[in-house]
Every structure is written in structure tokens, then in C-alpha cells.
Number of protein chains: 2
Amino acid sequence: MDTLDTTFAALADPTRRAILSMLLEDDMAVTDVAEPFEMSLAAVSKHLMILQKAGLISQEKRGRVKWCKLEPDAMKDASVWMQSFGQFEAINLDAFEAFLSAELSSEG
Amino acid sequence: MDTLDTTFAALADPTRRAILSMLLEDDMAVTDVAEPFEMSLAAVSKHLMILQKAGLISQEKRGRVKWCKLEPDAMKDASVWMQSFGQFEAINLDAFEAFLSAELSSEG
DNA sequence: CCCATATTCAACCAATTGGTTGACCATTGC
DNA sequence: GCAATGGTCAACCAATTGGTTGAATATGGG
């Protein structure tokens, strides 16, 4: 299972991206995640499954409530992959990292 | 048409990602793009259409040959969107843009 | 215990996706 | 002119996707 496949596929749906944005604020219960969407709870539950399988969220059941938590690290591989394209075409990663450390040290 | 939808969907297929990687090297004719894949030319042609509609490549016909060119800027929105989830020091865009200007000015 | 709440499961459906094949159109070169 | 080359179109197919509904499961509270 290529993780880039599942990551990009998970991100290709606007409902799922909206859910991720919501979770950026705070962890949420499934029912609360579903509330703003004009679709059934079951549909949102499926979206959450897809996000979980992609590793983009984790879910923990406490009592009868299942809490959803953003797992932003799961975006890293996809982000790095994209980085080799884009306006990053000419990027020299080593140089960029050196630049970043220079920035950090000068910012004190 | 949400461009994030089409961008992420386009990137969710391994064949299309492979094509983009190939085009990173150089512009290519449709037939040459198709050559390494174990699928019909028509199938690859469809993939190229999807990439083009997502803006990730452009295609220009010269004679009977259609040339495919990577259009990396089309990844920018998606990249920025992902970046809002943080954690990725390495692709901090502000820093990256500063890096690019520094690169440009030093290259003369 | 019993009801309400929280969530998933299962069956189903329409639309989309990723592939095939064969016909078709455009261009090039002998 | 005509055959070969480059590429798309159209019809088709199986698998997947994103949604529905109704039933099922688990938990919590009076």
C-alpha cells in the first residue's frame, strides 16, 4: 500500500479536508465532526475511517464517545514529495537547510 | 471547481505521479511518456488529460507530436494548504521564499 | 431495567475511475 | 498518394467512491 496513494486520495475530498481543518482547532467527537455537514452521520463516519486509514487522524474511544485527533505528521511524506516539484523546482535542499539554520541563529 | 480537489485527485494515482517525475527531467512526447508503462497509449493519454486539467502539465502540439511539460506552480496551492497543518519546518514557505530570493540574488 | 445517545454495519445505489479495444483524425516522408 | 506514425475518441467494462437508509451494538444515566 503506497502511502502517497492513500494520503493524496484522502485529501482529494473537500469534506475530508474540511474535517482536517476543524480538527486543527481541537480534538472532536464523531457526532460533533458531523454536525456542520449536510450528510448522514454514517457518511461522515466513513470519511473519518478513510482519514484514519491514511493516518491523517487517530481515533480513541472513551466511553461511548470516539474522539478524533489530527495527526499532521501523516502529511509529511506527501509534502516532501511535492517539494521536489513546484516552485521548489530548483531547490537545493542542503542549501535550504543551511539557510534555515542561519535564519534561526540570527533570530536568536 | 475546487482546484485542491483536482490537484490532490490527480496526485493520488501512482502512474500520474511517475509521469510527473519523468517530466521533471525534461519535456516529453506522449508516446515517450507512455513507453515505460504496461498499459495502452490511450490509458496514458487519459492520465495526461487529467494532469492537464489539474494544471500540473501543459501540452503543446508541434507537428504530429504533442509535447508535455511539467507545470510545477499548479502544486503551490495544495502545498500551501498542507503547510497550514504545520510540523513541516523544512517547507516553511516564508522561509523558503526568503531562501529563493537569496538564491536568486546570489546567482546574479 | 430501560431509554437516549454515540457510532458503526450492511445492503444498496448512482456516479466516477482506470483500464481495454478498435476506429478515427492529423501529420510526415517515401 | 499512401503507408506509417502520433495521438485521441467512443464504447464498453469492472472496481471504487460517496452517498443513502435501517438495523445493530455499546455505553451512560435516571
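The sequence lines fix the lettering, A, B, ..., with proteins before strands; numbering per chain opens at 1. Just so you know, these numbers use all the heavy atoms, side chains as well, and skip hydrogens, waters and symmetry mates.
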Taking the side chain as every heavy atom from C-beta outward, state whether [X] and [Y] have any atom pair closer than 4.5 Å.
{"X": "B:D5", "Y": "A:R17", "answer": "yes"}
{"X": "A:M28", "Y": "A:L23", "answer": "yes"}
{"X": "B:K69", "Y": "B:I57", "answer": "no"}

Contacting residues from residues 54-68 of chain A, given that a heavy atom lies under 4.0 angstrom of DNA chain C: A:R64, A:V65, A:K66
In B/S/- notation, 5' to 3', how is nucleotides 11-21 of chain C contacted by protein heavy atoms closer than 4.0 Å? B------SBBB
Rounded distance in Å - [atom1] ([X]) to [atom2] ([N]):
{"X": "B:D32", "N": "D:dT5", "atom1": "CG", "atom2": "P", "value": "14 Å"}
{"X": "A:M28", "N": "C:dT7", "atom1": "CE", "atom2": "C1'", "value": "15 Å"}
{"X": "A:M49", "N": "C:dA6", "atom1": "CE", "atom2": "C1'", "value": "13 Å"}

Check whether A:M22 and A:M39 end up in the same hydrophobic cluster, where Ile, Leu, Val, Met, Phe, Trp and Tyr are linked by side-chain heavy atoms less than 4.5 Å apart. yes
Between atom OG of B:S21 and atom CZ of A:F85, what is the distance when rounded to the nearest 0.5 Å? 3.5 Å
I'd like to know if the side chain of A:R16 reaches the main chain of A:A10, judged simply by a donor and an acceptor atom lying under 3.5 Å from each other, with no hydrogens or angles considered. yes
Do B:D77 and B:T7 pass the side-chain contact (heavy atoms from CB on, under 4.5 Å) test, and can you show the C-alpha distance, the side-chain angles, and the key distance before you say yes or no? CA-CA 9 Å; B:D77 285 352; B:T7 305; over 6 Å; no
Contact summary for B:W81 and A:L20, nearest pair of heavy atoms: CH2-CD1, 4.0 Å
